[in-house]
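One structure, pasted below without further comment.
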Number of protein chains: 2
Amino acid sequence: MFKKEIRVIGIDDSPFNKFKDKKVMVVGVVMRGGSWVDGILSTKADVDGSDSTKKLIAMINKCKFKPQLRCIFLNGIAVGGFNVIDVIELNKKTKLPVVVVIRRNPDIPKIKRTLKKINQNRKISLIEKAGNVVKIGNVYAQLTGIEFEDAVKILKIACTRSLVPEPLRLAHLIASGIVAGESRGRA
Amino acid sequence: MFKKEIRVIGIDDSPFNKFKDKKVMVVGVVMRGGSWVDGILSTKADVDGSDSTKKLIAMINKCKFKPQLRCIFLNGIAVGGFNVIDVIELNKKTKLPVVVVIRRNPDIPKIKRTLKKINQNRKISLIEKAGNVVKIGNVYAQLTGIEFEDAVKILKIACTRSLVPEPLRLAHLIASGIVAGESRGRA
């Protein structure tokens with residue numbers, strides 16, 4: 001069983017201009033369950049680069065909330081376009097389960113074709129390593145270091161106000177509000 | 001009477017280096033009462049400058065939540081050091097009541113002496129124009145465009161999780177988390 005107050009972090013990136021921006025802002029929101037915001041973290045990663053895993057591990061491991069954290073929610077498996085996150089490595093280095101939340105069933109073959117075209121075969125293997133996409137409630141997810149049944153329970157606690165975990169919804173609002181001046185769309 | 005779901009905005013600035021930074025980030029958090037976050041706004045203002053009033057008016061008036069907003073909470077009367085906000089002008093141009101929330105009873109004479117020393121007499125008059133500091137619950141406040149009794153009621157609705165209105169607490173966490181990498185201290 002999980003406590004209602006379980007500490008989780010939701011991570012999302014900011015909007016960016018793929019023709020102009022070299023870096024993208026990445027925001028982490030630490031919450032107890034899906035209600036109380038404990039703190040806000042941020043880092044930067046290269047647009048279409050390959051430093052996202054390293055940056056997320058550093059951001060999470062050095063933060064003061066680390067000893068209490070129990071789960072990482074990611075909004076999709078990449079930040080800054082094709083800066084694909086190695087969720088196996090993220091799980092290993094933080095010792096935390098990773099739940100990649102995906103709103104729509106992703107078109108994996110299409111993503112793979114694009115990555116192949118731009119010669120990024122290593123990123124294809126990162127996506128494959130992240131495991132099958134499973135449906136949980138109204139969202140899709142890829143799970144690392146956590147059983148399906150436990151992911152269902154944690155998502156139930158964290159999705160207090162919408163279909164996605166509240167820390168992910170807030171990370172999205174913050175990242176877009178800070179970079180664009182006003183938050184837009186939804187996580 | 002005010003609805004529990006009353007739309008309010010809390011505004012705070014980020015930490016900055018007064019010897020190095022020319023601009024400070026200013027974050028606005030739009031909430032319904034003290035629980036649901038509707039959106040995040042941001043703008044920038046000059047450190048020790050005098051553009052804060054203009055910047056806040058633009059940020060608030062152009063945002064999509066404007067028609068629903070009922071009250072502005074400010075964390076102190078200045079952003080970016082001595083970029084003092086003209087609350088009378090802010091109230092007039094947004095047509096919204098302004099509640100300046102102050103954690104400790106401010107040492108007004110000391111602030112005035114500092115402003116006089118750096119030849120900023122206009123800012124002294126802005127502070128005077130903001131009216132008397134009143135005690136409401138556990139915080140101090142300066143009220144513009146709102147009666148004391150109504151301010152008490154709105155603060156009661158908005159202070160859901162701490163002594164300060166929740167949108168101010170979140171604006172503080174976000175502004176410091178984005179600029180410093182990890183949120184620190186309290187609003």
Side-chain angles (χ1 to χ4, degrees), chain A residues 5 9-15 23-45 55-56 58-66 69 160-162 164-187, chain B residues 5 9-15 23-45 55-56 58-66 69 160-162 164-187:
Chain A
E5 300 273 285
I9 181 168
I11 296 170
D12 198 4
D13 62 347
S14 65
K23 299 270 184 187
V24 69
M25 173 173 288
V26 180
V27 174
V29 175
V30 178
M31 293 187 85
R32 294 184 219 170
S35 52
W36 169 266
V37 176
D38 264 332
I40 309 292
L41 310 176
S42 68
T43 187
K44 282 183 176 172
K55 291 300 184 69
L56 293 193
M59 179 178 85
I60 292 166
N61 280 347
K62 76 174 188 198
C63 88
K64 64 182 168 195
F65 311 103
K66 180 69 205 307
L69 278 179
T160 38
R161 301 174 189 275
S162 67
V164 298
E166 186 63 4
L168 273 191
R169 192 185 74 88
L170 289 180
H172 176 80
L173 288 180
I174 294 167
S176 63
I178 293 298
V179 169
E182 176 164 347
S183 47
R184 243 161 265 224
R186 43 185 210 171
Chain B
E5 300 274 285
I9 182 169
I11 297 169
D12 199 5
D13 62 349
S14 65
K23 298 270 185 186
V24 69
M25 174 173 288
V26 180
V27 174
V29 175
V30 177
M31 293 187 86
R32 293 185 219 168
S35 53
W36 169 266
V37 176
D38 264 332
I40 309 291
L41 311 176
S42 69
T43 187
K44 282 181 177 175
K55 291 299 184 71
L56 293 192
M59 179 177 85
I60 292 166
N61 280 347
K62 77 176 185 195
C63 88
K64 64 182 168 196
F65 310 102
K66 179 68 205 306
L69 279 179
T160 38
R161 300 175 190 276
S162 67
V164 297
E166 186 63 4
L168 273 191
R169 190 184 75 88
L170 290 180
H172 176 81
L173 287 180
I174 294 168
S176 63
I178 292 298
V179 168
E182 176 164 348
S183 47
R184 245 161 262 227
R186 44 186 210 172

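Throughout, a chain's letter reflects where its sequence line sits, starting with A, and its residues are numbered from 1.
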Handout entry: Under 4.5 Å from a heavy atom of chain B, the part of A/M59 involved
Key =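 Neither the backbone nor the side chain of A/M59 comes within 4.5 Å of chain B.
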Handout entry: chain A contact residues among residues 35-44 of chain B, heavy-atom distance under 4.5 Å
Key = B/S35, B/W36, B/V37, B/D38, B/G39, B/I40, B/L41, B/S42
Problem - Nearest non-hydrogen partners of B/G10 and B/A171, listed with the distance - result: O-CB, 3.6 Å
Problem - Largest heavy-atom contact set with chain A, pairs under 4.5 Å, which of B/E166, B/K64, B/K62 - result: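 Answer, by heavy-atom pair count under 4.5 Å with chain A: B/K64.
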Completion exercise
Here the pair of heavy atoms bringing B/I11 nearest to B/G28 is CG1-CA, 4.1 Å
Completion exercise
Looking only at heavy atoms, the pair that brings A/V179 and A/P15 closest together is CG1-O, 3.7 Å
Completion exercise
In terms of heavy-atom contacts, A/I178 and B/M25 come closest through CG2-CE, 3.7 Å
Practice task
Using a 4.5 Å cut-off on heavy atoms from C-beta on, say whether the side chain of B/V164 contacts that of B/H172.
Solution key: no
Practice task
Of all the heavy-atom pairs spanning A/S176 and A/S183, show the shortest one and how long it is.
Solution key: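 What the structure gives for the nearest pair is OG-CA, 3.3 Å.
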Exercise for the section: Compare every heavy atom of B/A175 with every heavy atom of B/S14, then report the nearest pair and how far apart it is. Expected result: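 The pair with the smallest heavy-atom distance is CB-O, 3.5 Å.
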